[in-house]
Amino acid sequence: MQTPRTVSDTKRAFYAAHTRPIHSIYRRFIEELLVELHLLRVNVEFRYSPLFALGVVSAYEQFMEGYRPEGDRANIFQALCRAEELDPQQLQADAASWQQYQGLPLQQIIEQLQSEQVGAPLSSLKEDGKYSRLLAIGLYGFLQQLAGDLTSNLNDTLDQLAPVVSLPIEKVKRDLELYRSNLEKMSQARSLMQELVEQERKRRASVEPAPTDRIDTSSDAPA
């Protein structure tokens with residue numbers, strides 16, 4: 001019988017795949033996501049779905065916004081997925097499939113969910129399975145794509161969806177309240193980091209010696 005992978009195994013796999021250092025304000029998010037995904041995937045009730053994919057991709061993109069160097073952001077995502085034995089291309093494709101609903105009003109979405117013939121990926125909102133915070137984040141990312149960005153009055157929107165989705169809406173509300181709070185904290189941390197970088201740049205510029213004109217010390221040639 002194969003021994004189940006541990007959280008330590010997952011972290012080792014990640015850092016073996018991505019060997020460059022990760023800035024401290026982003027490293028905490030990455031390690032927490034590694035643990036969350038690991039614990040979720042070893043649970044026997046876990047079911048992969050397009051909503052899960054949207055949750056993973058949305059969380060990653062929103063928390064890793066502004067990461068430098070830009071090229072490392074894609075590499076970190078690849079390493080994260082492979083450490084969790086997930087296909088990064090499938091995750092991104094399934095997350096992108098939700099764009100077909102972009103700009104639709106909520107009432108039209110509700111009518112589709114009430115239909116017995118609702119298609120994928122919308123049908124994953126009606127699937128039973130183990131609830132996780134990433135499903136709530138997936139729903140949040142989906143609502144951001146709809147007409148008028150339906151996250152401004154989030155609780156009202158969730159109450160309207162409650163009768164037609166399988167997600168535990170009260171848990172969704174609590175998880176998204178914390179998620180949005182953490183996004184705001186990350187935004188503030190990024191702003192502070194940018195201010196510190198700019199201050200250091202100005203400090204270095206102020207202490208560097210100004211260039212001096214070259215003085216010609218050679219004597220004039222005799223007439």
Side-chain angles (χ1 to χ4, degrees), residues 10-11 13-14 17-18 22-23 25-43 46-104 109 119-127 129-146 149-151 154 157-158 161 165-167 171-172 175-187 190:
T10 297
K11 288 186 176 181
F14 171 77
H18 183 77
I22 300 175
H23 194 283
I25 68 169
Y26 296 95
R27 186 168 59 245
R28 179 179 177 181
F29 161 71
I30 291 296
E31 295 208 345
E32 288 180 352
L33 185 57
L34 278 167
V35 173
E36 182 175 8
L37 283 170
H38 174 88
L39 296 178
L40 182 60
R41 284 178 43 73
V42 297
N43 190 294
F46 170 75
R47 299 290 183 273
Y48 178 90
S49 72
L51 186 62
F52 166 80
L54 183 59
V56 174
V57 172
S58 294
Y60 185 82
E61 289 181 347
Q62 291 182 321
F63 273 97
M64 296 294 285
E65 181 182 350
Y67 190 88
R68 296 291 183 273
E70 177 69 25
D72 276 10
R73 190 164 63 162
N75 185 268
I76 293 171
F77 183 75
Q78 296 273 337
L80 177 74
C81 292
R82 300 200 185 284
E84 300 289 355
E85 299 181 335
L86 293 166
D87 183 343
Q89 292 183 337
Q90 181 183 6
L91 274 172
Q92 290 174 325
D94 287 338
S97 68
W98 291 88
Q99 293 176 4
Q100 64 186 282
Y101 306 110
Q102 191 168 11
L104 291 181
I109 295 298
L122 196 61
S123 57
S124 62
L125 286 170
K126 301 179 70 173
E127 295 173 0
K130 179 174 176 56
Y131 171 75
S132 73
R133 182 182 72 106
L134 289 168
L135 296 180
I137 296 173
L139 178 58
Y140 184 76
F142 169 55
L143 294 175
Q144 287 180 310
Q145 297 180 24
L146 297 184
D149 184 352
L150 298 173
T151 60
L154 183 60
T157 300
L158 293 174
L161 285 171
V165 301
S166 62
L167 299 174
K171 286 185 179 180
V172 170
D175 284 340
L176 290 184
E177 181 179 1
L178 180 59
Y179 176 69
R180 298 210 291 184
S181 174
N182 288 336
L183 280 180
E184 178 60 27
K185 291 177 182 176
M186 176 62 89
S187 177
R190 279 195 297 263

Could you tell me the separation between the CD atom of Gln78 and the CZ atom of Arg82, rounded to the nearest 0.5 Å? 5.0 Å
Under 4.0 Å between a side-chain nitrogen and a carboxylate oxygen: does that hold for Glu36 and Arg133? yes
Under 3.5 Å, side chain of Ser124 to main-chain N/O of Ser49, donor-acceptor pair present? no
Test item: Arg180 and Tyr140 side chains (from C-beta on) under 4.5 Å apart, heavy atoms: yes
Between Arg47 and Gly129, is there a donor-acceptor pair closer than 3.5 Å when you use the side chain of the first and the backbone of the second? no
Assess whether side-chain contact (heavy atoms from CB on, under 4.5 Å) is satisfied between Leu150 and Gln144, documenting all intermediate values. CA-CA 6 Å; Leu150 298 173; Gln144 287 180 310; over 6 Å; no
For Phe14 and Ala83, which heavy atoms make the closest approach, and how far apart are they? N-CB, 3.6 Å
Working for side-chain contact (heavy atoms from CB on, under 4.5 Å), residues Leu37 and Leu33: CA-CA 6 Å; Leu37 283 170; Leu33 185 57; 3.9 Å; yes
Could you check if a side-chain atom of Leu161 sits within less than 4.5 angstrom of a side-chain atom of Leu143, using non-hydrogen atoms only? yes
Sidechain N-carboxylate O distance under 4.0 Å for Arg68, Glu70: yes
For Asp175 and Tyr131, does a side-chain donor sit closer than 3.5 Å to a side-chain acceptor? yes
Can you tell which of Leu183, Asn182, Val57 makes a side-chain contact (heavy atoms from CB on, under 4.5 Å) with Gln62? Leu183
Do Leu34 and His38 touch side chain to side chain, with heavy atoms closer than 4.5 Å? no
So do Leu135 and Lys130 actually touch side chain to side chain, heavy atoms under 4.5 Å? no
I'd like to know if the side chain of Trp98 reaches the main chain of Gly141, judged simply by a donor and an acceptor atom lying under 3.5 Å from each other, with no hydrogens or angles considered. no
Less than 4.5 Å apart, side chain to side chain, heavy atoms only: is that true for Tyr60 and Ile137? no
Under the 3.5 angstrom rule, does the side chain of Tyr67 hit a backbone N or O of Tyr26 as a donor-acceptor pair? no
Please evaluate residues Leu40 and Phe52 with respect to the criterion side-chain contact (heavy atoms from CB on, under 4.5 Å), reporting the C-alpha separation (whole Å), side-chain torsions for both, the decisive distance (0.1 Å), and the verdict. CA-CA 11 Å; Leu40 182 60; Phe52 166 80; 3.6 Å; yes
Any salt bridge between Glu32 and Arg28, counting N to O under 4.0 Å? yes
When rounded to the nearest 0.5 angstrom, what is the spacing between CD in Glu127 and CG in Leu167? 10.5 Å
Taking all non-hydrogen atoms of both residues, which atom of Leu122 and which atom of Tyr101 are closest, and how far apart? CB-OH, 3.1 Å
May I ask you to decide if Glu84's main-chain N or O and Arg41's side chain share a donor-acceptor pair within less than 3.5 Å? yes
Determine the minimum heavy-atom distance between Glu61 and Arg73, stating which atoms define it. O-NH1, 4.3 Å
For residues His18 and Ile30, determine if any side-chain heavy atom of one lies less than 4.5 Å from a side-chain heavy atom of the other. no
Could you tell me if the side chain of Ser58 sits less than 4.5 Å from the side chain of Phe142, heavy atoms only? no
Are Asp94 and Leu54 close enough, and set up right, to give a side-chain contact (heavy atoms from CB on, under 4.5 Å), and what steps lead you there? CA-CA 7 Å; Asp94 287 338; Leu54 183 59; over 6 Å; no
If you look at every heavy atom in Phe29 and Ala59, which pair is closest and at what distance? CZ-O, 3.6 Å
Taking the six-membered ring for Trp, are the ring centroids of Phe63 and Tyr179 within less than 6.0 Å of each other? yes
Quick check: do Leu125 and Ser166 have side-chain heavy atoms less than 4.5 Å from each other? no
Heavy atoms only: give me the nearest Leu51-Gly138 pair and the separation to one decimal. CD1-C, 3.6 Å
